[in-house]
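For reference, the structure is listed below as C-alpha coordinates.
Not measured: the values here are computed from a predicted model.
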Amino acid sequence: MRTSEDTEMVREQYTTTTPGTSLERPKNEYVYKIGIYGWRKRCLYLFVLLLLIILVVNFSLTIWILKVMWFSPTGMGHLRVTKEGLRLEGESEFLFPLYAKEIHSRVDSSLLLQSTHNVTVNARNSNGEVTGRLNVGPKMVEFHGQQFQINSKDGKPLFTVDENEVVIGTDKLRVTGPEGALFEHSVETPLVKAEAFKQLRLESPTRSLSMDAPRGINIKAQAGNIEALSQMDIKLHSSDGVLLLDAETVRLPKLPEGTRGGSGISQGLYEICVCPDGKLYLSVAGVGSTCHEYSRVCQ
(Lines give C-alpha, C1' and ligand atoms only; values in the text may rest on other atoms or scores of the structure.)
Protein backbone atom coordinates (compact mmCIF):
# COMPACT_ATOMS: atom_id res chain seq x y z
CA MET A 1 0.00 0.00 0.00
CA ARG A 2 1.49 3.43 -0.94
CA THR A 3 1.37 6.33 1.41
CA SER A 4 1.17 10.04 0.73
CA GLU A 5 4.87 10.44 1.56
CA ASP A 6 5.73 8.06 -1.24
CA THR A 7 3.78 10.11 -3.68
CA GLU A 8 5.63 13.28 -2.65
CA MET A 9 9.07 11.79 -3.24
CA VAL A 10 10.95 12.53 -6.40
CA ARG A 11 10.65 9.71 -8.80
CA GLU A 12 13.58 9.16 -11.05
CA GLN A 13 13.01 6.89 -14.02
CA TYR A 14 15.85 5.13 -15.67
CA THR A 15 15.02 4.11 -19.23
CA THR A 16 17.03 1.68 -21.28
CA THR A 17 16.64 2.01 -24.99
CA THR A 18 18.06 0.19 -27.84
CA PRO A 19 19.66 1.88 -30.80
CA GLY A 20 17.09 3.32 -33.13
CA THR A 21 14.40 3.53 -30.52
CA SER A 22 13.28 6.92 -29.24
CA LEU A 23 11.14 7.23 -26.18
CA GLU A 24 9.98 10.33 -24.48
CA ARG A 25 11.24 10.70 -20.92
CA PRO A 26 8.45 11.43 -18.53
CA LYS A 27 8.50 14.73 -16.69
CA ASN A 28 9.25 14.82 -12.98
CA GLU A 29 6.45 15.83 -10.76
CA TYR A 30 8.76 17.66 -8.24
CA VAL A 31 12.20 19.35 -8.93
CA TYR A 32 14.60 20.45 -6.05
CA LYS A 33 17.41 22.98 -6.73
CA ILE A 34 20.78 22.18 -5.06
CA GLY A 35 22.92 25.21 -3.75
CA ILE A 36 22.63 28.55 -1.88
CA TYR A 37 20.50 31.16 -3.49
CA GLY A 38 18.96 34.45 -2.58
CA TRP A 39 19.85 36.45 0.53
CA ARG A 40 21.88 33.56 2.01
CA LYS A 41 24.24 33.66 -0.93
CA ARG A 42 24.70 37.43 -0.63
CA CYS A 43 25.40 37.16 3.12
CA LEU A 44 27.99 34.46 2.49
CA TYR A 45 29.80 36.57 -0.09
CA LEU A 46 29.69 39.56 2.25
CA PHE A 47 31.16 37.50 5.12
CA VAL A 48 33.97 36.15 2.91
CA LEU A 49 34.73 39.70 1.73
CA LEU A 50 34.85 40.93 5.35
CA LEU A 51 37.26 38.15 6.33
CA LEU A 52 39.48 39.04 3.37
CA ILE A 53 39.54 42.70 4.41
CA ILE A 54 40.44 41.78 8.02
CA LEU A 55 43.20 39.49 6.78
CA VAL A 56 44.70 42.24 4.63
CA VAL A 57 44.52 44.78 7.49
CA ASN A 58 46.13 42.35 9.96
CA PHE A 59 48.89 41.54 7.53
CA SER A 60 49.52 45.24 6.90
CA LEU A 61 49.61 45.99 10.64
CA THR A 62 52.01 43.13 11.23
CA ILE A 63 54.38 44.43 8.55
CA TRP A 64 54.13 47.95 10.01
CA ILE A 65 54.88 46.75 13.55
CA LEU A 66 57.87 44.74 12.36
CA LYS A 67 59.19 47.78 10.54
CA VAL A 68 58.61 50.24 13.37
CA MET A 69 60.06 47.96 16.09
CA TRP A 70 63.01 47.03 13.88
CA PHE A 71 62.56 43.30 14.27
CA SER A 72 65.39 41.24 12.83
CA PRO A 73 66.61 37.64 13.14
CA THR A 74 69.11 38.74 15.85
CA GLY A 75 66.87 40.96 17.99
CA MET A 76 64.59 43.96 18.05
CA GLY A 77 65.67 47.54 17.36
CA HIS A 78 68.89 48.37 19.23
CA LEU A 79 68.53 45.16 21.22
CA ARG A 80 70.65 42.27 19.99
CA VAL A 81 70.68 38.71 21.27
CA THR A 82 74.20 37.27 21.39
CA LYS A 83 75.87 34.25 22.96
CA GLU A 84 77.01 36.34 25.92
CA GLY A 85 73.53 37.78 26.58
CA LEU A 86 71.65 40.88 25.46
CA ARG A 87 73.42 43.82 23.83
CA LEU A 88 71.73 47.20 23.79
CA GLU A 89 72.91 50.03 21.56
CA GLY A 90 72.08 53.69 22.27
CA GLU A 91 69.90 55.14 25.03
CA SER A 92 67.05 53.11 26.54
CA GLU A 93 64.34 53.78 29.08
CA PHE A 94 63.09 51.15 31.54
CA LEU A 95 59.67 51.75 33.08
CA PHE A 96 59.84 48.81 35.50
CA PRO A 97 62.62 47.18 37.59
CA LEU A 98 65.52 45.62 35.69
CA TYR A 99 66.92 42.29 36.92
CA ALA A 100 70.34 41.27 35.59
CA LYS A 101 73.36 39.37 36.82
CA GLU A 102 75.88 41.70 35.20
CA ILE A 103 75.65 45.06 33.43
CA HIS A 104 78.69 46.51 31.66
CA SER A 105 79.37 48.97 28.88
CA ARG A 106 81.35 48.61 25.71
CA VAL A 107 85.12 48.81 25.81
CA ASP A 108 85.25 52.23 24.14
CA SER A 109 82.43 53.91 26.13
CA SER A 110 81.27 54.47 29.70
CA LEU A 111 78.13 53.22 31.43
CA LEU A 112 75.59 55.94 32.25
CA LEU A 113 72.62 55.46 34.59
CA GLN A 114 70.36 58.50 34.56
CA SER A 115 67.07 59.32 36.27
CA THR A 116 64.95 62.40 36.88
CA HIS A 117 64.64 61.55 40.61
CA ASN A 118 67.20 59.04 41.84
CA VAL A 119 68.99 55.83 40.91
CA THR A 120 68.64 52.92 43.35
CA VAL A 121 70.61 49.67 43.18
CA ASN A 122 69.48 46.85 45.51
CA ALA A 123 71.15 43.56 46.41
CA ARG A 124 68.91 40.78 47.76
CA ASN A 125 69.52 37.40 49.31
CA SER A 126 67.81 34.12 48.46
CA ASN A 127 64.80 35.08 50.58
CA GLY A 128 64.25 38.33 48.68
CA GLU A 129 65.44 40.54 51.56
CA VAL A 130 67.48 43.65 50.72
CA THR A 131 71.05 43.18 52.03
CA GLY A 132 72.60 46.23 50.36
CA ARG A 133 71.26 49.42 48.82
CA LEU A 134 72.90 52.28 46.94
CA ASN A 135 70.73 55.34 46.41
CA VAL A 136 72.02 58.22 44.27
CA GLY A 137 69.73 61.22 44.66
CA PRO A 138 69.87 64.86 43.52
CA LYS A 139 71.26 66.02 46.89
CA MET A 140 72.72 62.97 48.61
CA VAL A 141 74.33 59.59 47.95
CA GLU A 142 73.22 56.99 50.50
CA PHE A 143 74.52 53.47 51.09
CA HIS A 144 72.86 50.92 53.38
CA GLY A 145 74.80 47.79 54.20
CA GLN A 146 77.15 46.11 56.66
CA GLN A 147 80.32 47.41 55.00
CA PHE A 148 81.30 49.88 52.29
CA GLN A 149 84.65 49.39 50.57
CA ILE A 150 86.52 51.00 47.67
CA ASN A 151 89.34 49.03 46.07
CA SER A 152 92.09 49.96 43.63
CA LYS A 153 92.79 48.26 40.31
CA ASP A 154 94.97 45.61 41.92
CA GLY A 155 92.37 44.86 44.61
CA LYS A 156 93.99 46.87 47.42
CA PRO A 157 91.38 48.36 49.81
CA LEU A 158 91.56 52.15 49.67
CA PHE A 159 88.58 53.14 51.83
CA THR A 160 86.58 50.89 54.15
CA VAL A 161 83.65 51.85 56.39
CA ASP A 162 81.70 49.68 58.81
CA GLU A 163 79.88 50.15 62.12
CA ASN A 164 83.09 50.13 64.18
CA GLU A 165 85.73 52.02 62.21
CA VAL A 166 86.79 53.84 59.06
CA VAL A 167 89.98 52.60 57.41
CA ILE A 168 91.91 54.56 54.78
CA GLY A 169 94.37 52.24 53.08
CA THR A 170 96.27 54.73 50.92
CA ASP A 171 99.94 55.56 51.48
CA LYS A 172 99.15 59.26 51.92
CA LEU A 173 96.03 61.08 53.10
CA ARG A 174 95.88 64.60 51.65
CA VAL A 175 93.55 67.23 53.08
CA THR A 176 93.27 70.23 50.75
CA GLY A 177 90.60 72.27 52.53
CA PRO A 178 91.55 75.80 53.60
CA GLU A 179 90.47 75.10 57.19
CA GLY A 180 92.35 71.81 57.37
CA ALA A 181 90.91 68.72 59.06
CA LEU A 182 88.68 68.72 62.15
CA PHE A 183 88.80 65.75 64.55
CA GLU A 184 86.32 65.65 67.42
CA HIS A 185 88.04 62.71 69.13
CA SER A 186 91.49 61.19 69.24
CA VAL A 187 93.59 60.50 66.15
CA GLU A 188 96.11 57.67 65.90
CA THR A 189 98.74 58.01 63.17
CA PRO A 190 102.46 57.33 62.81
CA LEU A 191 103.18 60.58 60.94
CA VAL A 192 101.67 64.03 60.54
CA LYS A 193 103.38 66.00 57.78
CA ALA A 194 102.64 69.17 55.84
CA GLU A 195 103.20 69.66 52.13
CA ALA A 196 106.42 71.14 50.86
CA PHE A 197 106.74 74.89 51.60
CA LYS A 198 103.57 74.74 53.71
CA GLN A 199 103.18 75.16 57.47
CA LEU A 200 101.94 72.41 59.77
CA ARG A 201 99.69 73.62 62.55
CA LEU A 202 98.16 71.55 65.35
CA GLU A 203 95.56 73.59 67.24
CA SER A 204 92.93 73.11 69.92
CA PRO A 205 90.91 76.36 70.17
CA THR A 206 89.05 75.70 73.42
CA ARG A 207 90.67 72.63 74.99
CA SER A 208 94.10 71.16 75.54
CA LEU A 209 96.29 69.47 72.97
CA SER A 210 97.88 66.22 74.05
CA MET A 211 100.42 64.08 72.19
CA ASP A 212 101.21 60.66 73.63
CA ALA A 213 103.58 58.00 72.37
CA PRO A 214 104.92 54.90 74.16
CA ARG A 215 108.43 55.26 72.67
CA GLY A 216 108.85 58.96 72.11
CA ILE A 217 107.64 61.94 70.09
CA ASN A 218 109.78 63.45 67.35
CA ILE A 219 109.00 67.01 66.24
CA LYS A 220 111.15 68.14 63.34
CA ALA A 221 111.24 71.19 61.07
CA GLN A 222 113.91 70.99 58.42
CA ALA A 223 113.50 74.52 57.03
CA GLY A 224 111.74 76.65 59.61
CA ASN A 225 110.85 77.22 63.22
CA ILE A 226 108.84 75.24 65.72
CA GLU A 227 106.46 77.26 67.88
CA ALA A 228 104.41 76.05 70.83
CA LEU A 229 101.82 78.61 71.96
CA SER A 230 99.47 78.18 74.88
CA GLN A 231 97.15 80.42 76.89
CA MET A 232 98.25 78.72 80.10
CA ASP A 233 101.04 76.20 80.75
CA ILE A 234 103.15 74.08 78.40
CA LYS A 235 104.34 70.89 80.03
CA LEU A 236 107.02 68.61 78.60
CA HIS A 237 107.04 65.45 80.66
CA SER A 238 108.94 62.21 80.23
CA SER A 239 107.98 59.41 82.59
CA ASP A 240 111.14 57.38 81.98
CA GLY A 241 114.04 59.16 80.35
CA VAL A 242 115.38 62.66 79.79
CA LEU A 243 114.15 65.73 77.98
CA LEU A 244 116.77 66.60 75.38
CA LEU A 245 117.11 70.09 73.88
CA ASP A 246 119.79 69.68 71.24
CA ALA A 247 120.61 73.15 69.91
CA GLU A 248 123.55 75.52 69.66
CA THR A 249 121.76 78.14 71.75
CA VAL A 250 118.87 77.74 74.16
CA ARG A 251 117.21 81.03 75.10
CA LEU A 252 114.60 81.91 77.67
CA PRO A 253 114.11 85.63 76.98
CA LYS A 254 111.11 86.27 79.19
CA LEU A 255 112.41 84.82 82.46
CA PRO A 256 112.09 87.39 85.29
CA GLU A 257 115.36 88.92 86.50
CA GLY A 258 115.93 89.76 90.14
CA THR A 259 117.33 93.05 91.41
CA ARG A 260 120.43 93.39 93.48
CA GLY A 261 119.47 93.02 97.08
CA GLY A 262 120.87 91.97 100.36
CA SER A 263 122.46 88.65 100.96
CA GLY A 264 120.07 85.79 101.57
CA ILE A 265 117.15 87.51 99.88
CA SER A 266 115.98 85.37 96.88
CA GLN A 267 112.76 87.28 96.14
CA GLY A 268 111.19 83.90 95.20
CA LEU A 269 113.39 83.64 92.08
CA TYR A 270 115.45 80.75 90.83
CA GLU A 271 118.47 80.46 88.61
CA ILE A 272 118.75 77.91 85.82
CA CYS A 273 122.05 76.15 85.94
CA VAL A 274 123.64 73.90 83.34
CA CYS A 275 125.86 70.95 84.13
CA PRO A 276 128.85 70.05 81.92
CA ASP A 277 126.82 67.19 80.38
CA GLY A 278 123.97 69.60 79.48
CA LYS A 279 121.69 68.77 82.37
CA LEU A 280 119.56 71.66 83.67
CA TYR A 281 118.64 72.28 87.26
CA LEU A 282 117.21 75.11 89.34
CA SER A 283 119.06 76.94 92.06
CA VAL A 284 117.79 79.58 94.47
CA ALA A 285 118.82 82.95 93.09
CA GLY A 286 121.17 85.09 95.11
CA VAL A 287 123.19 88.24 94.75
CA GLY A 288 125.74 86.36 92.72
CA SER A 289 125.53 83.19 90.68
CA THR A 290 124.64 80.15 92.67
CA CYS A 291 125.56 77.65 89.93
CA HIS A 292 128.57 75.45 90.60
CA GLU A 293 130.38 73.42 88.00
CA TYR A 294 130.81 70.51 90.31
CA SER A 295 127.42 70.69 91.97
CA ARG A 296 126.01 67.69 93.70
CA VAL A 297 123.10 67.63 91.19
CA CYS A 298 125.50 67.28 88.25
CA GLN A 299 127.24 64.26 89.76
Side-chain angles (χ1 to χ4, degrees), residues 1-138 142 144:
M1 181 176 178
R2 300 181 62 181
T3 63
S4 59
E5 293 180 358
D6 296 336
T7 58
E8 292 178 358
M9 293 179 61
V10 179
R11 294 178 298 177
E12 296 182 358
Q13 297 179 358
Y14 299 92
T15 305
T16 304
T17 59
T18 57
T21 305
S22 61
L23 296 176
E24 293 184 0
R25 185 173 181 174
K27 295 181 180 180
N28 297 333
E29 297 181 357
Y30 300 96
V31 177
Y32 287 93
K33 296 181 179 180
I34 301 175
I36 301 176
Y37 299 96
W39 64 272
R40 294 185 180 85
K41 183 176 182 181
R42 290 191 295 269
C43 290
L44 179 62
Y45 288 163
L46 183 61
F47 181 72
V48 173
L49 180 61
L50 182 60
L51 289 180
L52 184 60
I53 294 174
I54 294 176
L55 179 62
V56 173
V57 171
N58 287 337
F59 183 76
S60 302
L61 289 176
T62 303
I63 298 298
W64 179 76
I65 292 175
L66 292 176
K67 185 177 180 181
V68 170
M69 299 301 293
W70 295 355
F71 280 99
S72 64
T74 58
M76 179 183 67
H78 296 293
L79 187 64
R80 296 288 184 269
V81 180
T82 62
K83 296 180 180 179
E84 300 177 354
L86 297 179
R87 181 174 180 178
L88 188 61
E89 301 288 345
E91 298 182 0
S92 298
E93 180 179 358
F94 297 93
L95 302 179
F96 297 98
L98 175 63
Y99 298 91
K101 181 179 180 180
E102 180 181 357
I103 300 176
H104 61 87
S105 63
R106 298 189 308 178
V107 180
D108 56 346
S109 62
S110 58
L111 179 62
L112 176 62
L113 301 178
Q114 185 175 357
S115 174
T116 56
H117 296 283
N118 54 20
V119 177
T120 302
V121 180
N122 293 332
R124 301 178 182 271
N125 55 14
S126 58
N127 298 327
E129 300 175 353
V130 178
T131 57
R133 174 180 298 171
L134 177 62
N135 187 2
V136 181
E142 297 180 355
H144 300 272

### Query
Hey, what do you get for OG (Ser105) to CG (Leu113), rounding to the nearest 0.5 Å?
10.0 Å
### Partners meeting side-chain contact (heavy atoms from CB on, under 4.5 Å) with Glu129 (sequence neighbours left out)
Asn125, Asn127
### Pairwise distance CG(Asn122) to CG(Asn135) - rounded to 0.5 angstrom
8.5 Å
### Smallest separation among heavy atoms of Arg133 and Thr120, with atom names
CG-CG2, 4.0 Å
### Task
May I ask you to test the Leu55-Phe59 pair for a side-chain heavy-atom distance under 4.5 Å?
no
### Task
State which residues pass side-chain contact (heavy atoms from CB on, under 4.5 Å) with Asn58; sequence neighbours excluded, sorted by chain then number.
Ile54
